[in-house]
Number of protein chains: 2
Amino acid sequence: MDVSRLTSKGRATRARIVNAAAEQVRAHGLETLSLDAVGTATSTSRSQLFHYFPQGKRGLLRAVFEHEIAELTAAQEPALHDLSSRRSWEAWRDGLSVYYFTQGRWTCPLTALAAQVAATDEDLSAWLIAQSTTWRQTLATGVAAIQHRQQPNDQDEDLAATMICQIQGGLIMGRIDRSPESLRAVLRRILDWIPAQAA
Amino acid sequence: MDVSRLTSKGRATRARIVNAAAEQVRAHGLETLSLDAVGTATSTSRSQLFHYFPQGKRGLLRAVFEHEIAELTAAQEPALHDLSSRRSWEAWRDGLSVYYFTQGRWTCPLTALAAQVAATDEDLSAWLIAQSTTWRQTLATGVAAIQHRQQPNDQDEDLAATMICQIQGGLIMGRIDRSPESLRAVLRRILDWIPAQAA
DNA sequence: AACCTTTTGGATCGCGCAGTCCATTCTTGG
DNA sequence: CCAAGAATGGACTGCGCGATCCAAAAGGTT
């Protein structure tokens, strides 16, 4: 689907569909995401869906992921790209807190979904791996930076990976426990390894 | 299904079904778990499945969870119930490592599944919450114990929650990244907050 | 052996849902 | 204003799969 050759009306419809799908997924997960439901929610017909997402559900899902990850990234900016001070790390953490605890995002099953869908959609899998790698490397670079090192070493990379796992685990546990407490606990402690002050 | 009134043959068949289902789930996830596949794998007919699991897929899934969680718990014993020494914590961690890195358990989608299924199955949800609460409390008690305190305080509980999140996050990221590296990184650092020696 | 219970086979139903197709209506650029 | 392309409507198809049901075989008990 070449978005650029769409009418403005078309673009609006497409966006409406993506938003509704994202909302549905956020609220009820993928299992129950049906094209019918998206159609109903957006008052669009079957053919519109396949018009804007020729790959069908797969394509729609990909768009949802892109949409959500763009927002997740935005929530961490601009701190994410200058993690050389404690203050910046705190801004990063606070950005995440805001992101996850507003509009019920802590219940978002995207992580679980990603793991699930990636098993059957090679394209999506590759893209997700790239995303997670970038995120991990960015954090690892930050961990190195606050210790006045250019290149992250193995320890830095383990720490970055661990931090991401904490967050994702917090999301998963939140869905299992139906409580944001795990994620909150994680975010309270996520800077424990970050030096209080750049020496 | 009252297991106790089953013939030995019946118990064997039931066990065969649970094992096959667990294996399927471990290998391909829930999305693709079909009763047909389980039936084929175990050479059992439709009616047998519903004979041993009157709740159908739901019941089968519950049995799979019970089965897997029993094994996860066993893998952490006996350390899990005496976490008052560094040595014991290390044994605990090593038990987890063995558990997850043998028979490809790091690819196990049970966590993601749990989050998914819990949304639509109240019974299962309640049971899972109980399981995770127990686990968290046990770890929190251990965190307190190694610091010579009887009752865990808020910090101990945050730490316990964080440790669990790390592990679960490691599993999720492993599925996304198709690599056990995240889980390995987590397990390398998971004892970072545990004092080297009981003072 | 006779009787009852458990275990097994497998055909069949019904539903939900992704995806296809063709016809119709709107937009837009020349 | 008038084609050409874009956007929309909605019926229809096909299939996977969970669940039901009616029997029939096997096993165990007295």
- Reckon A:Leu33 touches a base, only the sugar-phosphate, or nothing at all at heavy-atom distances under 4.0 Å?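 It contacts sugar-phosphate atoms only.
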
- Measure from the ring center of A:Trp193 to the ring center of B:Trp193 and say whether it is less than 6.0 Å.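 A:Trp193 vs B:Trp193: aromatic centres under 6.0 Å.
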
Side chain of [X] only, heavy atoms from C-beta on: which candidate in [options] is closest?
X: B:Lys57; options: D:dA7, C:dT7, D:dA19; value: D:dA19
X: A:Arg46; options: C:dG19, D:dT8, C:dT8; value: C:dG19
X: B:Tyr52; options: D:dT8, D:dG18, C:dT7; value: C:dT7
X: A:Gln48; options: D:dG9, D:dA7, C:dT7; value: D:dG9

- Is there a donor-acceptor pair closer than 3.5 Å between any side-chain N or O of A:Ser88 and the backbone N or O of A:Ser85?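 Not confirmed, A:Ser88 side chain does not pair with A:Ser85 backbone.
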
- Item | Side chain A:Lys57, main chain A:Ser34, donor-acceptor under 3.5 Å |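 No: the side chain of A:Lys57 does not pair with the backbone of A:Ser34.
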
- Message: I'd like to know if A:Ser47 reaches the base of D:dG9 with its side chain such that a donor and an acceptor end up less than 3.5 angstrom apart.
- Response: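 Result: at least one qualifying N/O pair found.
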
- Task: Nearest whole angstrom, please: distance from the C1' of D:dA6 to the CZ of A:Arg14.
- Result: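 A:Arg14 atom CZ is separated from D:dA6 atom C1' by 15 Å.
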
- Message: To the closest 0.5 Å, what do you measure between CD1 (B:Ile146) and OG (B:Ser84)?
- Response: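 Between atom CD1 of B:Ile146 and atom OG of B:Ser84 there are 7.5 Å.
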
- Message: Pick the closest DNA chain D nucleotide for B:Ser8 and for A:Gly10 by heavy atoms, then say which residue is nearer the 5' end.
- Response: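 Checking each residue's closest nucleotide, the 5'-ward one belongs to A:Gly10.
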
- Query: Under 4.0 Å between a side-chain N/O of B:Ser45 and OP1 or OP2 of C:dG10, yes or no?
  - Reply: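 For C:dG10, neither OP1 nor OP2 has a side-chain N or O of B:Ser45 closer than 4.0 Å.
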
- Phosphate-side-chain proximity, A:Lys9 and C:dT27, N/O vs OP1/OP2 below 4.0 Å: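 Yes, within the criterion.
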
